[in-house]
Each structure stands twice: as structure tokens, then as C-alpha cells.
Amino acid sequence: MKQHRRRFGLLGGLSVALLAFSHWPRRVWAARSLQPTPPEPEGPYYPPHTVWPAQVGANLRGGEGGAARAAGRALDLRGSVVDTEGRALVGAEVEIWQTDGYGHYLHPDGLQSGVQQGRDPAFAGIGRAETDAGGEFSLRTIVPVAYSSRPPHIHVKVYVGGHERLTTQLYFPGQLEERGLASRLFGDRTWGTDRSRLSIALEPASAGVEQGRFRFVL
């Protein structure tokens, strides 16, 4: 009888261990999953298609092939687009729009008041890059200047398979805001976004060009 009890106890313990082990990979995988990039509002100055450049590419600041270079601090923005399991999303499109070096958007109502200089014709205002086989993208732009009461920021949309998957805004270290013009424009609501997760990681400048990285998680 004691032997039967010992066998039953061993089998029961083995069953519990096997059950726990069967759930172990899922728990580890869940612990490794990435948090999606927080969304933010599109804002009022998304460029209408009627004012888009003839070619919307990855270079917003010009300076190639004899083209005039936009005013402002040059910025190379690179990064990646991955899913919550860290897998690269190939062929995703990263679209950005922002102010030029004078604080103006490429929008009929996007001229910043109090600035005598008009919109910079050398700055495209909107650009788009596609991720490569490793999920990496690269965009050439400038560091945007503050617009009204808002700090410098870059608006972003990410498309996968032609479908918009994310709209958000990127900020620069030390210049994040919690409340400001955006709060007033959108009904004085707080969006509950941890904007530290939307901060561009800046790296040492190379050949006079600022370097920044950001990973979008969808």
C-alpha cells in the first residue's frame, strides 16, 4: 500500500512539473514581447495631397544633384519597424511630416505667425521611406524647430501592406511636453501617452549631420 502511495505521489509530482513546463515557453515569450509604440494625434497640419511634392521620397532636405539644401540642422533619422515579437516588418512605409527650419508646415494654414521668413521651398515638408529586408529605414530631414508653444517634434505614420497601422509623434531628448498647444487644440484632453517612449535616440553627429534612431513596434 505504501509503495502504491509513493508511486502515486511521484506520478502526481511529475504531472505538475510537466504541466508547468508546458507553459514555460509561453511565459518566457510573453515576458520578451515588446510594447507597441504609443499613438498620438495626427494634428491639424497633415499636408493635403494637393501640395505634396511631385516625388515623395526619403530625402526631405535636398542637397543632392545640385538641388538647394533646406535651411536648418541636418538630421539623418534611421530606425526599424518590428512587431511585438521583435520580428522585422519588411516593406513597411514610414512617412514623416514636420516644420521646416522656420517653423512652417507644408499646409495652407501651416505658416507660423510672427515669422517674416516664408516657407522654405528647398524643404519637402513630407517624406517616406520603405523598410528593407532587415526592417530598417532611413530618412534625411532636418531638426524641426518649435511651433508656437510646442517643442520640436516629427509627425509619423507607419503603413504595412498599404494600411495605416500607426500615427504618432516623435520628440527630442530634454524637450518633451506634457501639456501645451496640443492640449488646447484637441479639447484640453490628456492623451495618457508616456512621451519618454517617443523620444528619438540621438547619436554623435557625423560630418555635421545629426544622427537619430527610433524603433517602431506595431
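Because only heavy atoms are used, hydrogens play no part in the values below, and waters and symmetry mates are left out as well, while side chains stay in. What you see is a predicted model, and the numbers here were worked out from it, not measured in a lab.
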If you group Ile, Leu, Val, Met, Phe, Trp and Tyr by side-chain heavy-atom gaps below 4.5 Å, do Leu111 and Ile126 land in one group?
-> no

Report the relative orientation of the aromatic rings in Trp52 and His49; use parallel for angles under 30°, tilted for 30 to 60°, perpendicular for over 60°.
-> parallel

With the threshold set at 4.0 Å, does a side-chain nitrogen-carboxylate oxygen contact exist between Lys157 and Glu42?
-> yes

Is Asp120 reaching over with its side chain to a backbone N or O of Ala71, donor-acceptor style, under 3.5 angstrom?
-> yes

Side-chain (Thr37) to main-chain (Val217) donor-acceptor, under 3.5 angstrom = yes

Is it true that a side-chain atom of Arg61 and a backbone atom of Ala68 form a donor plus acceptor pair closer than 3.5 Å?
-> no

Rounded to the nearest 0.5 angstrom, the CD-CD distance for Glu93 and Glu164 is 11.5 Å

Measure the CD1-CZ distance between Ile200 and Arg78 for me, rounded to the nearest 0.5 Å.
-> 13.0 Å

Mind listing the closest non-hydrogen atom pair of Leu139 and Gly127 along with its distance?
-> CD2-C, 4.3 Å

Across all chains, not counting sequence neighbours, the salt bridge (Lys or Arg N to Asp or Glu O under 4.0 Å) partners of Asp83 are Arg87

Side chains of His107 and Pro47: closer than 4.5 Å at any heavy-atom pair?
-> no

Joint cluster assignment, Phe137 & Val90, ILVMFWY side-chain distance < 4.5 Å | no

Cluster question for you: counting only ILVMFWY and a side-chain heavy-atom cut-off of under 4.5 Å, with indirect links fine, are Val145 and Ile154 together?
-> no

Distance-only, no hydrogens or angles: does the Arg140 side chain make a donor-acceptor pair with backbone N or O of Asn59 under 3.5 Å?
-> no

Between Tyr171 and Arg197: side-chain donor-acceptor atoms closer than 3.5 Å | no

Which heavy-atom pair separates Ala88 from Gly134 by the least distance, and what is that distance?
-> CB-O, 3.4 Å

Could you tell me whether the side chain of Gln55 and the main chain of Pro53 form a donor-acceptor pair under 3.5 Å?
-> no

Judged by modelled atom types alone, do Gln112 and Ser148 share a side-chain donor-acceptor pair under 3.5 Å?
-> no

Think Arg128 forms a cation-pi with Tyr159, using NZ or CZ under 6.0 Å from the six-ring centre and within 45 degrees of its axis?
-> yes

Please examine the side chains of Val156 and Leu166, heavy atoms only from C-beta on, and report whether any two atoms are closer than 4.5 Å.
-> no

Arg73 (side chain) donor-acceptor with Glu210 (main chain) under 3.5 angstrom | no

Is the side chain of Ser199 donor-acceptor paired with the backbone N or O of Phe172 at a distance under 3.5 Å, no angle test?
-> no

Parallel, tilted or perpendicular: which fits the ring planes of Tyr46 and Trp97, with parallel below 30° and perpendicular above 60°?
-> perpendicular

For the side chain of Gln169 and the backbone of Pro41, is there at least one donor-acceptor N/O pair under 3.5 Å apart?
-> yes

Distance flag, aromatic centroids of Tyr102 and Phe123, threshold under 6.0 Å | no

Could you walk me through whether Thr168 and Phe216 pass the side chain to side chain contact (heavy atoms under 4.5 Å, CB included) test, one step at a time?
-> CA-CA 10 Å; Thr168 193; Phe216 295 99; 4.2 Å; yes

Main-chain N/O of Pro151 paired with His153 side-chain donor or acceptor, under 3.5 Å = yes

Sub-4.5 Å side-chain heavy-atom contact between Leu198 and Pro38 = yes

How close do Pro173 and Leu202 get, heavy atom to heavy atom, and via which atoms?
-> CD-CD1, 3.9 Å

Could you grab the distance from atom CG of Leu75 to atom CD1 of Ile142, nearest 0.5 Å is fine?
-> 9.0 Å

Applying salt bridge (Lys or Arg N to Asp or Glu O under 4.0 Å) to Arg213 and not counting sequence neighbours gives Glu136

Ala58 and Ser138: which non-hydrogen atoms are nearest, and at how many Å?
-> CB-O, 3.6 Å

For this output row, return yes or no: ring centroids of His104 and Tyr45 closer than 6.0 angstrom.
-> no

Separation between OG1 of Thr141 and CG of Asp76, rounded to the nearest 0.5 Å | 9.5 Å

For Pro204 and Gln211, work out which heavy atoms get closest and say how close.
-> O-CG, 3.3 Å

Would Val209 end up clustered with Phe214 when hydrophobic side chains under 4.5 Å apart are linked, directly or stepwise?
-> no

Looking at OG1 of Thr167 and CD of Glu40, how far apart are the two atoms once the value is rounded to the nearest 0.5 Å?
-> 11.0 Å

Rounded to the nearest 0.5 Å, what's the gap from OG1 on Thr99 to OH on Tyr105? Could you check?
-> 5.5 Å

Begin with the C-alpha distance, continue with both residues' side-chain angles, and end with the deciding distance and a verdict on side chain to side chain contact (heavy atoms under 4.5 Å, CB included) for Arg119 and Leu106.
-> CA-CA 8 Å; Arg119 188 178 292 114; Leu106 182 65; 4.1 Å; yes

Would you sort out whether Leu218 and Val160 count as a side chain to side chain contact (heavy atoms under 4.5 Å, CB included), showing the intermediate values?
-> CA-CA 10 Å; Leu218 305 182; Val160 178; 3.6 Å; yes

Decide side chain to side chain contact (heavy atoms under 4.5 Å, CB included) for Val158 and Val81; before the verdict, give the C-alpha distance in whole Å, the side-chain angles of both, and the deciding distance to 0.1 Å.
-> CA-CA 9 Å; Val158 182; Val81 181; 4.1 Å; yes

